[in-house]
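The chains referred to below are lettered A, B, ... by the order of the sequence lines, with proteins before strands, and numbering in each begins at 1.
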Amino acid sequence: MKHFKINVGRKKLTSEYIQSKQDFDMVLKRLQTTSASPWNFIWPYGIGTIASVILIVGIYWFYFSEDKTAQKHGLPLTECLLSDHTQEIFEETDARFYIQTLSQTEQIQTYAFEKSQQIDVSTKSKKKVITAIKQEQQPNQPVVIELEDKTEIQPVLMDTTKLSEVIDADQQSVSFPTISGIHSGNIQWEEFEEGSIEVNEDLTICAFSIQYTSRRGDKTVSVTGHQIPSDVIFDLRNIGLDQKVFITNVIANNSKGERSRLVSMELNLKFSN
Amino acid sequence: MNVNPLYHHTSTHLKEELEWIQRAKSNPEDFAPLYRKYHEQIFRYIYQRMNDEETAFDITSQVFLKAIRKIHTYEFRGFPFASWLYRIAKSELYQSFRDNKTDRIVNIDSVQIAEFIEEFDQDESEENKQRLIASLAKMKEEDMQLIELRFFEHRSFREIGDILEITENNAKVKCFRSLKKLKQIFINTPVL
């Protein structure tokens, strides 16, 4: 297979001839022409410039789209977003709702708000402003509210007109939630791990919050149903140390569909006997 | 074997050249003495590997244009300035082959053909000349570069090493391996 074309005995050019072809001025002229080309100046910055423009337009579009929603409703941004996304729920119940912080580093807090009411979500560290509300695609999934510092909070939307604390003395014995029969105090890991939150026959646990310490710090998880989630079990097993676990906002339904908030649980989780 | 006198400088010449380079870094017009000094050998290097004279002059200009643009990056690290220019020339030359889809040419004269045939202990017959030409055409690019630099252009191993960015010893070893390969191809090529 041939890779080259071979020339034999081509006439050699003399040094005088080659020197006569020297033209340094032409090289300088080409240098000036190519240096003056705007493209030569722009291209090294081209990619960076295009990326920056896309980023700026993206950020502008993101915030501008929120502003447009606010303008459409003629309302301040925060109020507009809240009322916009909670409209359907309000129409159904027209009642008070609770909003609960899910920050991993701060204590759980509950705030009540009503239709068209603008709320300020405050945590221990500082007052926070709601910037966005993300609603999951499935209708029964929780709404997540994003604060200006990107902390996500999950509103616990409940019809408070039907909510009653079941803590009177007569019902206390039957309305205390338990895991493996334990409401408060020491509980062995094996009992906790396999257990779910139970209550008397007439009530069904439908939601609760659990607070514990994971390797990444204090954590609060809102749960739908009565089962301790597997990722919580994983976190607790991973840390593997005795610790206090709080189960709060335990919400139960009775056979008539009425909701009750049960007494919170305070468990001393024991990994060793 | 002759060596390229422009490549192997005395310390006085080297010092003078470094001064030109320093001046050219701040003013492109001061590149002129370097251009005058190296224009012919860079042109010959390029023209040796192609057919069209005008294109060879044009690529030579392009080499110096690029050298002026990049002179601020040049640092003397024991290699002559010429080796830096040859590397640019090599890059521009192969870019031209790709852009213009032109054939890579190998230029050889009858004296060089005779030297190779003698090296291979063969008769200087017309058949053997044709066999050698056919053998050269079958060489790989890497081997042909070494054959050209050493046996056609009579460059020292040090200069070959600088141009190809390999050590002098490595250049020596590779040149002889390439020659051996050419001989093998020559032996295996039937008489036409």
note = Turns out that what part of B/Ile105 lies under 4.5 Å from chain A's heavy atoms comes down to both

inquiry  = Once rounded to the nearest 0.5 Å, what's the spacing between atom CD of B/Glu141 and atom CZ of A/Phe4?
reply    = 4.5 Å

message = Once rounded to the nearest 0.5 Å, what's the spacing between atom CD1 of A/Ile6 and atom OG of B/Ser135?
response = 9.5 Å

message = Would you compute the distance between atom CE of B/Met50 and atom CG of A/Asn7 and round it to the nearest 0.5 angstrom?
response = 12.0 Å

Residue B/Glu118 excluded, over 12 heavy atoms near CD under 6.0 Å = no

ask   = Around B/Glu16, counting heavy atoms of other residues, nucleotides and ligands shown, do more than 12 lie under 6.0 Å from its CD?
value = yes

inquiry  = I'd like to know if the side chain of B/Tyr35 and the backbone of A/Asp23 have a donor-acceptor N/O pair within less than 3.5 Å.
reply    = yes

ask   = Within a radius of less than 6.0 Å around CZ of B/Phe97, do more than 12 heavy atoms belonging to other residues, nucleotides or ligands occur?
value = yes

message = One pair to check against side-chain contact (heavy atoms from CB on, under 4.5 Å): A/Val8 and B/Asp109. What are the steps and the verdict?
response = CA-CA 5 Å; A/Val8 183; B/Asp109 59 36; over 6 Å; no

ask   = With a 4.5 angstrom heavy-atom cut-off, which part of A/Gln22 approaches chain B: side chain, backbone, both or neither?
value = both

inquiry  = Does any backbone or side-chain atom of B/Arg44 lie under 4.5 Å from a heavy atom of chain A? Answer side chain, backbone, both or neither.
reply    = side chain

request  = Answer yes or no: does atom NZ of B/Lys25 have more than 12 heavy-atom neighbours from other residues, nucleotides or ligands under 6.0 Å?
outcome  = yes

ask   = NZ/A/Lys29 to OG/B/Ser61 distance, rounded to the nearest 0.5 angstrom?
value = 12.5 Å

inquiry  = For the residue pair B/Gln62 / A/Arg30, report whether a side-chain donor-acceptor contact shorter than 3.5 Å exists.
reply    = yes

task = For a side-chain contact (heavy atoms from CB on, under 4.5 Å) with A/Val27, tell me which candidate from B/Val63, B/Ile68, B/Thr60 qualifies.
result = B/Ile68

ask   = Rounded to the nearest 0.5 Å, how far does CZ of A/Arg10 lie from CG of B/Asn51?
value = 6.0 Å

Structural part of B/Glu53 lying under 4.5 Å from a heavy atom of chain A = side chain

request  = First locate atom CD of A/Gln19, then atom CZ of B/Phe43, and finally report the distance between them rounded to the nearest 0.5 Å.
outcome  = 12.0 Å

query = Please walk me through it: do B/Phe64 and A/Phe24 pass side-chain contact (heavy atoms from CB on, under 4.5 Å)?
reply = CA-CA 9 Å; B/Phe64 284 100; A/Phe24 187 62; 5.9 Å; no

query = Run the side-chain contact (heavy atoms from CB on, under 4.5 Å) check on B/Tyr47 and A/Lys12 step by step: do they pass?
reply = CA-CA 10 Å; B/Tyr47 188 47; A/Lys12 281 200 171 174; over 6 Å; no

message = Is there a side-chain contact (heavy atoms from CB on, under 4.5 Å) between A/Lys5 and B/Arg104? Walk through the geometry before answering.
response = CA-CA 6 Å; A/Lys5 192 180 169 192; B/Arg104 164 81 154 87; over 6 Å; no

query = Does any non-hydrogen side-chain atom of B/His39 lie less than 4.5 Å from one of A/Ile18?
reply = yes

key: Region of B/Glu54 in contact with chain A, defined by heavy-atom distances below 4.5 Å   = side chain

